[in-house]
Number of protein chains: 2
Amino acid sequence: MNEHVHTTQDLTKNQSLVMGALSRSDGPLSAYTILDQLRDDGFRAPLQVYRALDKLVEFGLVHRLESLNAFVACRHPGCDDHETVAFMICETCGQVNEISDNTLAKQLKRLATDAGFALKKSTVELRGICSACAAA
Amino acid sequence: MNEHVHTTQDLTKNQSLVMGALSRSDGPLSAYTILDQLRDDGFRAPLQVYRALDKLVEFGLVHRLESLNAFVACRHPGCDDHETVAFMICETCGQVNEISDNTLAKQLKRLATDAGFALKKSTVELRGICSACAAA
DNA sequence: AGTGTCACGTTATTTTGTTACACGATTGCG
DNA sequence: CGCAATCGTGTAACAAAATAACGTGACACT
């Protein structure tokens, strides 16, 4: 097993449960929503969720949406560049679309470099109305 | 007076106080930090701060930093494109640099358009180490 | 046995943000 | 004028999001 790429099998029980909840969901979930969903599985405190989430984010299996205070399962786990991903968030239906645009990533890095800024992580979250909702 | 561009004179008392606190500060402030700073001016409840902040953001005088749950005074108030601004946030000193890059703005819009996504607002927050802190 | 590490569990607390309700000032209008 | 509508304000209570502090058990390694 590769030491960097984590799959479901590497996960601890709590991490698997949280990952499962996020995978089942078609949209982002808040930590407390996850907690509620996992009560029957023995979850009792927010910290249990947050600890699992921290690890899952670290593994690149989950993304945090800063503008929503919520989390989503990564659509392309295993891809390297988890520091430069963009999201399109529909304000009508709540659906989140994960985009991996190389040009954008490069541009952000260039912007940072030009300013002498050592970029660690970039948060790009686009808010608007998705095509499906616009049509409806 | 232009009906879209707001200046300090348009602001209500509370809005002015909050704007003043943000302008005085050299970095981002949380709503509750602002509240504490304005206790002597009669502020008592978070809602007073949030209401003022909402308006100031609406006016384009203040930006909200989603990844920090904090707020900063806009460096170039009066500029149109308050929906596509990027921030570089130094994780060492906490300084925030506001960037208005036209190429980036266009690219984000193109990304959205290509996906049939009606972009309303984009959040771009780059985390890393600023040049000053890297040198030190 | 001793040590370090890691995930886990529990309680309490802090930080952040919102809901609900009421009051006063202003504006617009019949 | 009188009256509704709007807007900013004030207060209290509350909900949501995140963390602090402390302790336990499992496991590996020496």
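Below, read A as the first sequence line, B as the second, and so on, with proteins coming before strands; counting in each chain starts at 1.
Looking at A/Leu47, A/Val49, A/Leu53 one by one, the single match for side-chain contact (heavy atoms from CB on, under 4.5 Å) with A/Arg51 turns out to be A/Leu47.
Here the P atom of nucleotide D/dA16 and the CG atom of A/Leu68 are 16 Å apart, to the nearest Å. Atom pair B/Asn14:CG and C/dA25:P shows a separation of 15 Å (rounding to whole Å applied). Distance A/Asp10 CG to C/dC6 C1': 15 Å, rounded to the nearest Å. Distance, A/Leu29 CG to D/dA16 P: 15 Å, rounded to whole Å. The CD-C1' distance, from A/Glu58 to C/dC6, rounds to 12 Å in whole Å. B/Leu35 places its CG atom 15 Å from the C1' atom of C/dT14, with the value rounded to the nearest Å. Rounded to a whole Å, the CD1 atom of A/Ile34 is 11 Å from the P atom of D/dA17. The separation between A/Lys13 atom NZ and C/dC6 atom C1' is 16 Å, rounded to whole Å.
Scanning both residues, B/Ala21 and B/Leu29, for their nearest heavy atoms gives O-CD1, 3.6 Å.
Taking the ring centroids of A/His63 and A/Phe87, they lie under the 6.0 Å cut-off.
For residues 42-55 of chain B, proximity to DNA chain D is found at B/Arg44, B/Ala45, B/Leu47, B/Gln48, B/Arg51, B/Lys55, defined as any non-hydrogen atom under 4.0 angstrom from a strand atom.
Both A/Leu119 and A/Leu111 are part of a single hydrophobic cluster, where members link through side-chain heavy atoms under 4.5 Å apart.
Note: A/Leu126 CG to A/Ile99 CD1 = 5.5 Å, rounded to the nearest 0.5 Å.
One N or O donor and one acceptor, one from the side chain of A/Tyr32 and one from the base of D/dA17, sit under 3.5 Å apart.
Taking 4.0 Å as the cut-off between side-chain N and carboxylate O, A/Arg127 and A/Glu125 do not count as a salt-bridged pair.
Map B/Asn69 and B/Gln15 each onto its nearest nucleotide of DNA chain D; the residue landing nearer the 5' end is B/Gln15.
Heavy-atom contacts from other residues, nucleotides or ligands closer than 6.0 Å to CG of B/Asp40 number 12 or fewer.
One finds a side-chain N or O of B/Ser30 lying less than 4.0 angstrom from the OP1 or OP2 phosphate oxygen of C/dT16. Proximity of B/Thr12 to the phosphate of D/dC7: no side-chain N or O atom is located under 4.0 Å from OP1 or OP2.
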